[in-house]
Amino acid sequence: MKHVAAYLLAVLGGNESPSAKDVQEILSSVGIEAESDRLNKLVSELKGKNVHEVIAAGRTKLQSLPSGGSAAPAAASAAPAAGAGKSEAKKEEPKKKEEEPDEDMGFS
């Protein structure tokens with residue numbers, strides 16, 4: 001991830017096609033040692049490509065994936081509605097004894 005972030009920083013700085021050396025300089029400026037094999041793979045994969053187009057293509061791929069989060073709240077809200085009649089029939093539970101406030105809050 002650090003290599004991708006440094007690559008994107010170079011692109012934002014105006015270098016449309018940063019080299020491995022450019023990314024390595026960015027990382028070393030903040031005290032991070034670059035992993036040459038991962039860095040070379042990143043640069044070779046992005047060589048000749050527009051980073052903005054790669055990001056846009058990735059976004060469209062992510063939009064097609066199901067998030068899975070929308071079904072859980074619907075099921076959770078349906079459960080109380082189904083059990084609403086039963087809750088009226090139950091007696092009110094006895095109140096729990098309230099604890100006395102701890103005046104010194106354990107600092108004595």
Side-chain angles (χ1 to χ4, degrees):
M1 203 57 156
K2 59 188 172 188
H3 299 96
V4 174
Y7 188 93
L8 291 175
L9 281 173
V11 171
L12 287 173
N15 187 350
E16 287 297 318
S17 183
S19 66
K21 182 181 175 187
D22 296 331
V23 175
Q24 193 169 18
E25 287 176 3
I26 292 171
L27 290 173
S28 65
S29 72
V30 292
I32 298 174
E33 187 175 328
E35 298 172 31
S36 60
D37 56 333
R38 289 186 179 191
L39 180 57
N40 291 331
K41 180 173 171 81
L42 172 71
V43 172
S44 67
E45 291 288 327
L46 293 175
K47 189 173 186 174
K49 296 180 182 176
N50 183 331
V51 175
H52 304 291
E53 292 174 1
V54 172
I55 292 172
R59 280 188 179 170
T60 57
K61 288 180 182 179
L62 285 175
Q63 288 174 350
S64 67
L65 295 175
S67 63
S70 62
S77 63
K86 293 179 184 178
S87 64
E88 291 175 5
K90 288 185 179 180
K91 291 184 179 180
E92 190 174 313
E93 299 212 10
K95 293 182 181 179
K96 292 183 179 180
K97 182 178 177 182
E98 291 184 25
E99 293 184 26
E100 296 180 18
D102 193 8
E103 303 247 347
D104 64 355
M105 294 171 48
F107 295 113
S108 57

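All heavy atoms count here, side chains included; hydrogens, waters and symmetry mates do not. By convention here, the first residue in the shown sequence is residue 1. Note that this is a predicted model, so its numbers are computed, not measured.
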K.L.:
Donor-acceptor pair, H3 side chain versus R38 backbone, under 3.5 Å?
P.N.:
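Looks like no, no N/O pair under 3.5 Å.
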
K.L.:
Main chain of E45, side chain of K49: is a donor-acceptor contact present, judged purely on distance under 3.5 Å?
P.N.:
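At least one qualifying donor-acceptor pair exists.
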
K.L.:
Establish whether L8 and V30 are linked, either directly or via other cluster members, by ILVMFWY side-chain heavy-atom contacts under 4.5 Å.
P.N.:
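Yes, L8 and V30 fall within the same hydrophobic cluster.
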
K.L.:
Honestly curious: do I55 and L42 fall in one hydrophobic cluster under the side-chain, below-4.5 Å linking rule?
P.N.:
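As far as the 4.5 Å side-chain criterion goes, L42 and I55 are connected within one cluster.
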
K.L.:
Testing the basics here: between S17 and Y7, what is the closest heavy-atom pair and its distance to 0.1 Å?
P.N.:
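The answer is CA-OH, 4.3 Å.
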
K.L.:
Please find the pair of heavy atoms, one from A10 and one from I26, that lie closest to each other, and give the distance.
P.N.:
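Reported closest heavy-atom pair: CB-CD1, 3.7 Å.
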
K.L.:
Start with the C-alpha distance between V23 and L27, add both sets of side-chain angles, then the distance that settles side chain to side chain contact (heavy atoms under 4.5 Å, CB included), and finish with yes or no.
P.N.:
CA-CA 6 Å; V23 175; L27 290 173; 4.2 Å; yes

K.L.:
Does D22 offer a backbone N or O that forms a donor-acceptor pair with the side chain of S19 under 3.5 Å?
P.N.:
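Side chain of S19 to backbone of D22, a donor-acceptor pair under 3.5 Å: yes, one is there.
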
K.L.:
Can you measure from OG (S29) to CD (Q24) and round to the nearest 0.5 angstrom?
P.N.:
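Between atom OG of S29 and atom CD of Q24 there are 11.5 Å.
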
K.L.:
Heavy atoms, side chains only, cut-off 4.5 Å: are K2 and E35 in contact?
P.N.:
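A side-chain contact exists here, since the closest heavy-atom pair is under 4.5 Å.
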
K.L.:
Quick one, L39 with V43, criterion side chain to side chain contact (heavy atoms under 4.5 Å, CB included). Give me CA distance, side-chain angles, the key distance, then yes/no.
P.N.:
CA-CA 6 Å; L39 180 57; V43 172; 4.3 Å; yes

K.L.:
Looking only at non-hydrogen atoms, find the nearest pair between V11 and E16 and report the distance.
P.N.:
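In this case the closest contact between V11 and E16 is CG2-O, 4.3 Å.
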
